[in-house]
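Just so you know, residue 1 is the first one in the sequence shown, and it goes up from there.
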Amino acid sequence: MTGPQWPVTVKAPARARFRRRLTENVTAYGLLAAALVVFALFSWYPIVRGLLLSFQQVNFVDPPTWVGLDNFRTLFRDPLFGRAWLNTLEFTGFALVLGFAVPFGTAVLLNELRHAKAFFRVAVYLPVMLPPVVVAMLWKWIYNPGPGLANAALGAVGLPGGQWLDSSGTAMISLVIVSTWANMGSTTLIYLAALQTIPGELYESAELDGAGLWKRLWHVTIPQTRFVLLVMLLLQIVATMQVFTEPYVMTGGGPEDSTVTVLLLLYRYAFTYNDFGSASALSLLLLVALAIFSGAYLRLTRTRSD
C-alpha cells in the first residue's frame with residue numbers, strides 16, 4: 001500500500017521558457033526601437049522641422065522669427081512661382097507621353113525576343129547605373145549646337161541641326177528625353193517582370209482566335225498588367241513633379257525661365273536668396289499638392305476597380 005501521491009510541479013523548465021521569451025521580446029523590441037529612433041531622426045524630424053520653417057524667417061545665422069503666412073505671400077507674389085508650376089506640369093505631361101509609353105513598349109519588345117535577351121536587358125538598364133549628374137553632363141555635350149553629337153548626326157543625313165537647350169521651344173522636351181533615357185531601365189525591367197507572369201495560354205487562345213500583335217497587346221497584355229501600370233503611373237507622376245537635376249545642370253532654368261521647375265525655384269530660394277523659410281513653404285506646397293493628387297488617384301482607381 002502506497003502513501004498519498006502529491007502533485008509534482010516542475011518550475012525549472014517554466015522559468016527557462018519565461019526567460020527565453022523575455023530575452024527574445026526584449027531583443028526584438030530593442031531592435032525595433034533602434035530602427036524607430038533612426039527613422040524618426042532622419043525622416044520624421046526633417047518633416048516636422050521643415051513644417052516649422054515654413055512659418056519662420058530663418059537664415060541659420062540669426063535666431064528664427066515667427067512670421068506666420070508671410071513666406072507663402074512671398075511665394076504668391078513671385079512671378080516665377082506660377083511659371084515654375086506650369087513648367088513642372090509641362091515636364092510631367094511630356095514625361096507621361098515618352099517616359100510611360102517607351103519603357104512599356106521596350107519591355108514588350110524584350111519579352112518577344114528569342115535570342116540575346118540578357119544582352120539587351122543589360123543594355124537597357126545600363127543608363128540607370130550612371131550618376132544623374134554624369135548623364136546630364138553627357139547629354140549637355142550631345143545637345144551642344146557646335147560639336148554636339150545630335151546636330152552631327154542630323155547633319156550626316158542632310159537634316160538641319162537645332163538649338164536644343166538654347167531655345168525655349170525645344171529645351172523642355174530635350175530635358176524629358178534625357179530623363180526618359182536615364183530612368184527607363186528600371187521601369188522597363190519592372191514591366192518585363194509583370195509581362196512574364198502572364199499565362200502563356202492566354203496568348204495561345206488569342207492566336208487561335210486570329211488576334212494579331214496589337215489585339216493581343218490590347219486585350220491580353222494591358223489588362224493583365226493593369227495593376228502594375230497604374231502603380232507605375234502614380235510613381236512616375238510623383239517623381240517627375242520633383243525634377244531637379246536635369247534643369248539645374250543642363251539649362252539652369254533657362255532659356256527665358258522656360259525650364260524653371262518647382263524644385264529648382266526651391267533651390268534658388270534656399271541657396272541663392274538665402275530664404276530658407278520661403279523654400280520650406282514651397283516644399284510644403286509641393287507636398288500637399290502631391291498628397292492630394294495621390295489620394296484622389298488612389299480613390300479613383302480603387303473605385304473603378306470595385
Side-chain angles (χ1 to χ4, degrees), residues 35-96 131-133 136 171-172 175-176 178-179 182-183 234-299:
L36 289 176
V37 169
V38 173
F39 189 76
L41 182 62
F42 293 100
S43 183
W44 295 340
Y45 173 75
I47 294 175
V48 175
R49 181 61 173 164
L51 179 62
L52 293 177
L53 289 178
S54 301
F55 302 96
Q56 294 177 339
Q57 185 65 42
V58 58
N59 54 17
F60 295 111
V61 176
D62 302 320
T65 57
W66 189 266
V67 295
L69 298 176
D70 287 351
N71 291 327
F72 296 93
R73 296 189 185 98
T74 300
L75 292 175
F76 295 146
R77 288 194 296 262
D78 188 350
L80 279 179
F81 177 76
R83 184 67 181 273
W85 282 97
L86 291 177
N87 290 340
T88 303
L89 291 175
E90 181 184 359
F91 182 92
T92 302
F94 282 135
L96 290 181
V133 175
M172 185 62 76
L175 298 183
V176 172
V178 176
S179 178
N183 300 301
L234 174 61
L235 294 179
Q236 180 168 344
I237 292 176
V238 172
T240 52
M241 286 290 291
Q242 303 176 68
V243 59
F244 171 75
T245 304
E246 289 83 1
Y248 175 73
V249 176
M250 300 181 68
T251 64
E256 301 175 356
D257 297 323
S258 61
T259 58
V260 174
T261 60
V262 173
L263 282 192
L264 184 57
L265 182 61
L266 187 154
Y267 175 87
R268 289 183 178 180
Y269 268 104
F271 301 103
T272 302
Y273 311 146
N274 201 29
D275 187 355
F276 293 94
S278 297
S280 299
L282 184 55
S283 67
L284 179 60
L285 291 177
L286 180 60
L287 172 65
V288 172
L290 291 179
I292 293 175
F293 166 77
S294 300
Y297 180 86
L298 293 175
R299 180 66 179 271

Arg77/Phe72 under side chain to side chain contact (heavy atoms under 4.5 Å, CB included): CA gap, chis, key distance, verdict:
CA-CA 9 Å; Arg77 288 194 296 262; Phe72 296 93; over 6 Å; no
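- The CG atom of Leu266 lies 7.5 Å from the OG atom of Ser280; values are rounded to the nearest 0.5 Å.
- Counting only distance, with no hydrogens or angles, the side chain of Thr259 and the backbone of Gly253 share a donor-acceptor pair below 3.5 Å.
- Between Leu52 atom CG and Leu284 atom CG the span is 10.5 Å, to the nearest 0.5 Å.
- Ser258 places a side-chain N or O within 3.5 Å of a backbone atom of Pro255 that can act as its donor or acceptor partner.
- Within the model, atoms CD of Gln242 and OG1 of Thr92 stand 10.0 Å from one another, a figure rounded to the nearest 0.5 Å.
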Practice task
Please lay out, stage by stage, how Arg268 and Leu80 fare under the test side chain to side chain contact (heavy atoms under 4.5 Å, CB included).
Solution key: CA-CA 11 Å; Arg268 289 183 178 180; Leu80 279 179; 3.6 Å; yes
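- More than 12 heavy atoms of other residues, nucleotides or ligands lie within 6.0 Å of CZ in Phe293, so this atom counts as buried by the packing criterion.
- Side-chain contact between Leu265 and Asp78: present, with at least one pair of heavy atoms (C-beta onward) separated by less than 4.5 Å.
- Aromatic ring centres of Tyr269 and Phe276: separated by at least 6.0 Å.
- Between Met250 and Val178, the closest side-chain pair of non-hydrogen atoms falls below 4.5 Å.
- A heavy-atom distance below 4.5 Å is not found between the side chains of Asn183 and Gln236.
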Between Ile292 and Val288, is a side chain to side chain contact (heavy atoms under 4.5 Å, CB included) present by the stated rule, with each step listed? CA-CA 6 Å; Ile292 293 175; Val288 172; 3.7 Å; yes
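- Summarising the geometry, atom CD belonging to Glu246 is positioned 5.5 Å from atom CZ belonging to Phe91; distances are rounded to the nearest 0.5 Å.
- Atoms OG and CG, from Ser54 and Leu285 in turn, are 8.0 Å apart once rounded to the nearest 0.5 Å.
- A donor-acceptor pair under 3.5 Å links the side-chain atoms of Asn71 to the main chain of Gln56, judged by distance alone.
- No donor-acceptor pair closer than 3.5 Å links the side chain of Gln57 to the backbone N or O of Asp70.
- If you take OG on Ser283 and CD1 on Ile47, they are separated by 10.5 Å, rounding to the nearest 0.5 Å.
- Looking at Ser179, its side chain never comes within 3.5 Å of a backbone N or O of Leu175 through a donor-acceptor pair.
- Contact between Gly252 and Leu264 at its shortest, heavy atoms only, is C-CD2, 4.0 Å.
- Looking only at distances, a side-chain donor or acceptor of Thr240 sits under 3.5 Å from a matching main-chain atom of Ile237.
- Between the side chain of Asn87 and the backbone N or O of Asp257 there is at least one donor-acceptor pair closer than 3.5 Å.
- Taking every heavy atom of both residues into account, Ala40 and Pro46 meet most closely at O-CD, 4.4 Å.
- Taking the six-membered ring where the residue is Trp, Trp66 and Phe55 present parallel rings, their angle staying beneath 30° rather than reaching 60°.
- Residues Glu256 and Arg83 approach most closely at O-NH2, 3.4 Å, considering heavy atoms.
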Inset, instruction - Show your working on side chain to side chain contact (heavy atoms under 4.5 Å, CB included) between Leu263 and Leu286 and close with a plain yes or no. - result: CA-CA 9 Å; Leu263 282 192; Leu286 180 60; 3.9 Å; yes
